[in-house]
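Chain naming here is simple, since letters A, B, ... match the order of the sequence lines and numbering starts at 1 in each.
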Number of protein chains: 2
Amino acid sequence: MVTLEDVARQAGVSLATASRVLNGSTRQVGAALRARVERAADELGYRANMAAQTLARGASNVIGIVVHDLTDPYFAALADGAMRAAAGEGLLVMVGTTHRDPEQEIAYVATLNAQRVRAVLLAGSRVDDPEVTARLRHELERYRASGGRVACVGQDLLGVDTVAPANYEGGAALARSLAGLGHTRFAVLAGPPNLMTARDRCAGFAAALEELGLPEPRILHGPFDRDGGYAAARQSRDATCVFAVNDVMAVGALAAYREQGVRVPDDVSVAGFDDIVTLRDHVPALTTVRLPLTDMGALALELALGAGERAVVERVAGEVVLRESVRRL
Amino acid sequence: MVTLEDVARQAGVSLATASRVLNGSTRQVGAALRARVERAADELGYRANMAAQTLARGASNVIGIVVHDLTDPYFAALADGAMRAAAGEGLLVMVGTTHRDPEQEIAYVATLNAQRVRAVLLAGSRVDDPEVTARLRHELERYRASGGRVACVGQDLLGVDTVAPANYEGGAALARSLAGLGHTRFAVLAGPPNLMTARDRCAGFAAALEELGLPEPRILHGPFDRDGGYAAARQSRDATCVFAVNDVMAVGALAAYREQGVRVPDDVSVAGFDDIVTLRDHVPALTTVRLPLTDMGALALELALGAGERAVVERVAGEVVLRESVRRL
DNA sequence: ACCTCCCCGGAAAGCGGTTTCCCAGTCTGC
DNA sequence: GCAGACTGGGAAACCGCTTTCCGGGGAGGT
């Protein structure tokens, strides 16, 4: 393994000079020596040892991002946005997947702390469990105490920079749009009762309906994924319009209806939330609330890296997108 | 920032003892001291500095994985598999996305080398450009010379452990299945002419047709993504059956046909390759060649970490899955 | 000419761990 | 009762790089 010392020796200069030439510094180095060092480095195939650099500089050029599941296009889009932003800043990205296990999330924060990453991005809503949240918060504090920056998207952690999708407002806007098409009997495939994101979307939806004087929607709980939507859809029978609190669930619901011979949108209208790009060719095209996921990921990184006197909460609005999965009554 | 020295001082022991207690060692430490150290570490909130550890140990617990695009479910699945396997080994993962830029790929290898990651996984086929390939290979050699391990999946790099999907055979098997349904006039949405994966799938397909004495398929080149499939599909008019060399392209093709009022499978049959999970609810359900992507990702990690005397090529068979997007003629 | 200032090069002190080596004390076996 | 093996503890030498500090020499000012 070639070290800086090897390069310095080969070039006949000191370690300091070699370091200044190869790894940047405020100090100048004369053209002659500079050339000698560069040639030596090239000949030897020198690559700086980042571990040593990180140690010496006291700061790494790595950020961490923690998501539930990379194969979920929602998180993939978020991660992609954050990674593009990171690449723009010359940062490397360590990705951790928790598979929705809060313990894993805490463990990752600890690990990323140990790695002394510059920032940690936490993506994805979490379960509303005070004990677990407290432990996560404690771990984050520990990390921040040692100079780490944190931001989260779609989380619900006080005191942390946050990119907050307007879940409640999005749900409400969607409800108004659907009511505007003449729907009155609604069901909500509401996901897990204690998942904040799901709860907010559902609550906004219900509140808007109430405001319009419409009957309460039927709330059907279940998992937050495709199969959860699939299962919940089977119990939605009397509704003319079904709101799945995310697109992936909506796709599950569509599959369930298809199997049952229930036509969408003729027999029932279906709407989702997120506007997942991978699903844009789904048939029927899904009505949903568009979230700029890639931008949100990038924004989260910005927030984390930003000055950040006190915790900033950046609200991101969703936009209702009406497509063929709903019809006018 | 709490260091090991702080812990040692607080516990009233030497650095060596503290290290042995907290960060593992072959040596034993007496129960009394051990307890003191652990308590001190806990009170102080000590987290080992991985940069220092990596430097001292000369080996990191990080692997790198380089993909083209995380939002492409193909790569997401591969990455997910690799990350699960990595988590099982207690390894962290740095992910890099190249967005199909070979220069980026080379740059990432260099960066990951600098990070002294334990292994690098290269995912995704590359363009057949000798000059660029040579440079990548050179960078990989440099990395391996310093003890790094490399594996790739779906690549075409000699001398590197490889997880190789049976693209040619899969294409051929698919052709035989489709021919068995009575199709004779084929088109192939073949992707870029110099992309190895695309070429192999296409070649296998064409070869099988020739073997069966069927007319040559019409080869339509274009980008390897959804829009490439969409565009190419518009030129496939006389075929009764269209093979898109990956699922994402097939979805693009389906979208194009839908817009044109061409019914699938009544007017034209469509098949893809990969069997992307996110698309399983697509309508019509896509006939394809299933690849066990998650397992392939995990396998790649195993190969990279494995003993690896000489380069192993692990062939992974695809399985034809007939679904409603094709019909019997 | 003389002094100051600036510029560039090198020596060396860290950064936070791991691990080798040495040492004192305790167990064994005879 | 004593040599020899073993045990657990600590001092200190690294790991590879950054950066402070110091010094020598040339340029510029008076």
Hey, could you give me each pair passing salt bridge (Lys or Arg N to Asp or Glu O under 4.0 Å) that has a residue in residues 68-81 of chain B? Not counting sequence neighbours.
B/Asp80-B/Arg84

Nearest-Å distance, CG (B/Leu4) to C1' (C/dC15)?
13 Å

Ignoring backbone atoms, establish whether B/Thr3 has a side-chain N or O less than 4.0 Å from OP1 or OP2 of C/dG16.
no

Any donor and acceptor pair, going by atom type alone, linking the side chain of A/Arg47 with main-chain N or O of A/Met1 inside 3.5 Å?
no

Earlier contact from the 5' end, DNA chain D, for B/Gln28 and A/Ala18:
B/Gln28

Distance, nearest 0.5 Å, that separates CD1 of A/Ile65 from CG of A/Leu78
6.5 Å

Check the pair B/Glu141 / B/Arg137 against salt bridge (Lys or Arg N to Asp or Glu O under 4.0 Å), numbers first and verdict last.
CA-CA 6 Å; B/Glu141 266 333 305; B/Arg137 180 174 257 119; over 6 Å; no

Heavy-atom contact window of chain A on DNA chain D, given 5' to 3' at under 4.0 Å:
D/dG16 to D/dC21

For DNA chain D, which residues of residues 29-46 of chain A approach it to below 4.0 angstrom with any heavy atom?
A/Tyr46

Do you know which of A/His68, A/Glu103, A/Gln104 makes side-chain hydrogen bond (donor to acceptor under 3.5 Å, both in side chains) with A/Thr98?
A/His68

If I take atom CG in residue B/Asn49 and atom P in nucleotide C/dG14, what distance separates them, rounded to the nearest angstrom?
18 Å

Between the protein and nucleotides 19-26 of chain C, list the N/O to N/O atom pairs that are separated by less than 3.5 angstrom.
unit_1: C/dC21; atom_1: N4; unit_2: B/Arg27; atom_2: NH1; d: 3.3

Any donor and acceptor pair, going by atom type alone, linking the side chain of B/Asp6 with main-chain N or O of B/Thr3 inside 3.5 Å?
yes

Angle between the two end axes of the helix from C/dA1-D/dT30 to C/dC30-D/dG1, five base pairs per end, rounded to 10 degrees?
30°

Going by an N to O cut-off under 4.0 Å, is there a salt bridge joining A/Arg34 and A/Glu38?
yes

Grab the CZ-P distance between A/Arg116 and C/dC15 for me, whole Å please.
13 Å

Any salt bridge between A/Glu139 and A/Arg135, counting N to O under 4.0 Å?
no

Starting from P on C/dA11, measure out to CD on A/Glu5 and report it in whole angstrom.
11 Å

Look at all strands and tell whether B/Ala51 reaches a base, only sugar-phosphate, or nothing, counting heavy atoms closer than 4.0 Å.
nothing

For the side chain of A/Arg118 and the backbone of A/Ser60, is there at least one donor-acceptor N/O pair under 3.5 Å apart?
yes

Under 4.0 Å between a side-chain nitrogen and a carboxylate oxygen: does that hold for A/Arg39 and A/Asp42?
no

Suppose we screen for side chain to side chain contact (heavy atoms under 4.5 Å, CB included). Which residues come up paired with A/Ala48, at least two apart in sequence or across chains?
A/Asn23, A/Tyr46, A/Gln53

With a 4.5 Å cut-off on side-chain heavy atoms, are A/Val93 and B/Val95 touching?
no

Are the side chains of A/Leu91 and A/Leu305 in contact, using a 4.5 Å heavy-atom criterion?
yes

